[in-house]
Amino acid sequence: MIELIGAEKTYPGGVRALRGVDLRVAAGELVAIVGPSGSGKSTMLHLIGTLDRPSAGTVRIAGHDVAGLDDAGLAELRARHIGFVFQSFHLSEHLSALGNVADGLLYAGVRRGERTRRAAEALRRVGLGHRLDHRPGQLSGGEKQRVAVARAIVGEPALLLADEPTGNLDSAAGAEVLAILRRLHGDGTTVAVITHDNEVAAAAPRRIRLRDGRIV
Amino acid sequence: MRLAASDVILVGVEGLRSRPARALLSALGVAIGIATMVAVVGISASSRADLLDQLDRLGTGLLRVAPGDTVFGGAARLPKTATRMVRAVEAVESVASTGLTGVPAYRTGHIPQARTAGLLVQAATADLLGTLKTPLRRGLWLNAATERQRAVVLGGLAAGRLGAGPGDQVWIGGQWWTVVGVLDNSTLAPEIDRSVLIGFPAAERYLAFDGHPTTIYTRAADEHVVGVRDVLARTVSPEHPEEVKVSRPSDALAARAAATDAFTGVLLGVGAVALLVGGVGVANTMVISVLERRREIGLRRALGATRGQVRTQFLTESLLLSCLGGAAGAGCGAAVTLGFAVWRDLHAVIPLWALGGGLAATLLVGAVAGIFPAMRAARLPPTLALATA
Ligand SMILES: Nc1ncnc2c1ncn2[C@@H]1O[C@H](COP(=O)(O)OP(=O)(O)O)[C@@H](O)[C@H]1O
Ligand SMILES: [Mg+2]
């Protein structure tokens with residue numbers, strides 16, 4: 001599902017965030033990515049999520065070599081195969097939970113009525129069936145992150161990427177979100193989650209430790 | 001993967017709805033520009049249509065002959081025979097004349113001499129109304145009998161000033177005269193509006209009028225009018241043609257119709273400047289919007305939006321903004337035109353090209369204002385956009 005071969009990332013200004021990373025993650029795995037701040041975790045997740053291209057090396061996602069795809073091709077890959085969850089939810093304050101989740105299907109070519117129907121279903125799956133019409137401002141942090149998870153999975157992606165999804169949550173809310181991720185993994189979704197939480201990392205079947213842009 | 005047009009619009013509307021006050025204010029700028037342009041074109045087209053309509057109705061064949069100045073600087077007089085001479089000119093269809101008596105008219109005998117209300121008591125020949133195409137508003141025009149009696153017909157304005165109508169009495173030259181009729185507006189000869197008209201025989205008999213006409217009106221077929229005009233001065237005063245002034249009253253109307261064009265041009269320029277300022281406002285709003293919404297842009301890219309879709313989204317917002325303003329502006333401009341038309345008693349004319357031009361200008365403003373911010377939004381790397389937490 002994920003294949004990095006000698007992946008490098010050097011940011012403009014000369015920061016070498018990734019230095020030759022080799023990584024294979026098979027379909028259906030759940031991996032925890034850990035490492036100190038600044039070690040290149042987010043950078044690696046961005047490469048995996050095709051939000052950025054490597055400076056050198058190969059990135060292959062769901063069988064597609066990123067180098068061989070143009071902007072539209074990458075966008076389609078993200079729309080159909082990859083779901084993202086971010087530390088700071090990135091929800092629109094002007095839309096209801098349902099509207100926010102439905103936008104997860106906007107670029108996948110799904111019609112409006114169908115988007116809304118599937119969004120309601122995804123919200124029920126994360127236990128928010130009773131909050132469809134609430135706006136983010138009316139939800140707790142844990143509920144917001146669950147809305148963001150629902151948005152990430154509404155298109156039923158094969159790959160779910162989460163960058164410190166529990167970083168802004170208290171432990172109870174964080175545990176709920178992680179339970180949902182684990183359940184998705186149980187349903188067959190490949191999940192890669194960046195975390196600072198040692199307990200979470202310990203509980204994951206596989207850990208990838210980064211330091212100074214290298215896997216250790 | 002292309003978005004349905006309805007989704008493109010929906011996302012655009014959503015973007016504007018998130019900051020409604022700002023959207024309305026920047027749309028207002030465009031609205032003011034478009035409203036100005038539509039109103040300017042509408043008002044001038046309405047006035048112009050009305051002037052051309054009047055020209056059509058009144059024709060361009062009327063000529064006005066009046067005495068000028070003598071070579072010695074004194075006031076010239078038209079000979080008593082002038083009217084008859086003009087009637088003999090080939091292609092002349094009708095001739096009428098008026099003669100200033102120099103006597104004021106009053107509503108009663110008790111009004112002080114100074115308050116003459118600017119009304120001219122004039123002798124008039126029977127064919128005056130036909131020549132000027134001035135309709136009678138009420139009562140009767142002078143006939144062979146009443147032009148010898150103390151009977152008057154009031155010009156439209158004179159009737160209002162005197163507050164008199166048919167059957168009323170007015171005080172002229174120390175005697176009571178009876179009003180027999182009131183005229184409508186005399187567009188080609190506004191001096192008639194201010195006149196109190198009596199017959200030539202009555203003027204000579206009761207007011208010691210000398211019988212010299214002071215103005216001759218003559219009408220020729222439109223195509224002959226230039227030829228007639230060229231011979232009129234010599235016909236009226238063979239010895240001193242230079243002391244005769246000949247004019248064509250319809251020229252003033254035509255000039256006014258033409259002047260609306262120049263006026264429209266200037267005001268359209270003002271409207272265009274307003275629109276330009278409105279466009280700058282829209283561009284400014286879009287630039288700020290792109291800066292503020294980097295996270296949203298990054299998120300949309302993560303959800304699978306292509307660069308083109310992000311560009312389209314912001315361009316759509318810009319176009320929606322300007323179209324919102326354009327529609328409101330066109331509505332206001334049309335309303336102003338309608339109000340003006342009602343006020344001035346005209347038919348409101350809003351040319352289709354003005355609305356089409358307004359629409360085109362609106363789209364152009366929206367596109368130009370939106371294209372650069374939209375391109376900037378599309379170029380934002382998704383990671384950078386998401387990093388601004
Ligand atoms: N857009 C960027 N431009 C320049 N340097 C960056 C950028 N993003 C990250 N970096 C740098 O790359 C290194 C790795 O960052 P990151 O992948 O965010 O680490 P982590 O997520 O493990 O904290 C850091 O030194 C960071 O400062
Ligand atoms: Mg990070």
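In the text below, chain A, chain B and the rest are named by the order of the sequence lines, each starting its count at 1.
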Does the side chain of Leu74(A) come within less than 4.5 Å of Arg301(B)'s, by heavy atoms? no
Relative to chain B, which of Asp52(A), Leu105(A), Thr43(A) shows the most heavy atom pairs under 4.5 Å? Asp52(A)
To the nearest 0.5 Å, how far apart are CD in Glu296(B) and NE2 in His94(A)? 9.0 Å
Below 4.5 Å from any heavy atom of chain B, which atoms of Arg53(A) appear? Answer side chain, backbone, both or neither. neither
Nearest-0.5 Å distance that lies between atom OG1 in Thr306(B) and atom CG in Asp70(A): 9.5 Å
Side chain, backbone, both or neither: which part of Ala305(B) has a non-hydrogen atom closer than 4.5 Å to chain A? both
Is the count of non-hydrogen atoms from other residues, nucleotides or ligands lying under 6.0 Å from Asp212(A) atom CG greater than 12? no
What distance separates Leu386(B) CG from Phe86(A) CZ, expressed to the nearest 0.5 Å? 4.5 Å
Verify the neighbour count for atom CZ of Arg256(B): are there more than 12 heavy atoms of other residues, nucleotides or ligands below 6.0 Å? no
Residue pair Leu303(B) / Tyr107(A): nearest heavy atoms and the distance that separates them: O-CB, 3.9 Å
Quick one: are Arg151(A) and Leu299(B) in side-chain contact, heavy atoms under 4.5 Å? yes
Taking all non-hydrogen atoms of both residues into account, name the closest pair between Arg78(A) and Gly304(B) and its distance. CB-CA, 4.2 Å
Can you confirm whether Arg19(A) is buried at CZ, in the sense that more than 12 heavy atoms of other residues, nucleotides or ligands lie under 6.0 Å from that atom? yes
Contact part of Asp163(A) toward chain B, heavy-atom cut-off under 4.5 Å: side chain, backbone, both or neither? neither
Taking all heavy atoms of Ser88(A) and all of Arg295(B), pick out the closest pair and write down the distance. O-NH1, 4.2 Å
More than 12 heavy atoms of other residues, nucleotides or ligands under 6.0 Å from CZ of Phe340(B): yes or no? yes
Side-chain contact test, heavy atoms from C-beta onward, threshold under 4.5 Å: evaluate it for Arg300(B) versus Leu106(A) and give yes or no. yes
Would you call Arg17(B) and Leu95(A) a side-chain contact if the rule is heavy atoms closer than 4.5 Å? no
Audit row: Arg115(A), Asp7(B), side-chain contact (heavy atoms from CB on, under 4.5 Å) steps and yes/no: CA-CA 11 Å; Arg115(A) 290 203 297 269; Asp7(B) 284 336; 2.9 Å; yes
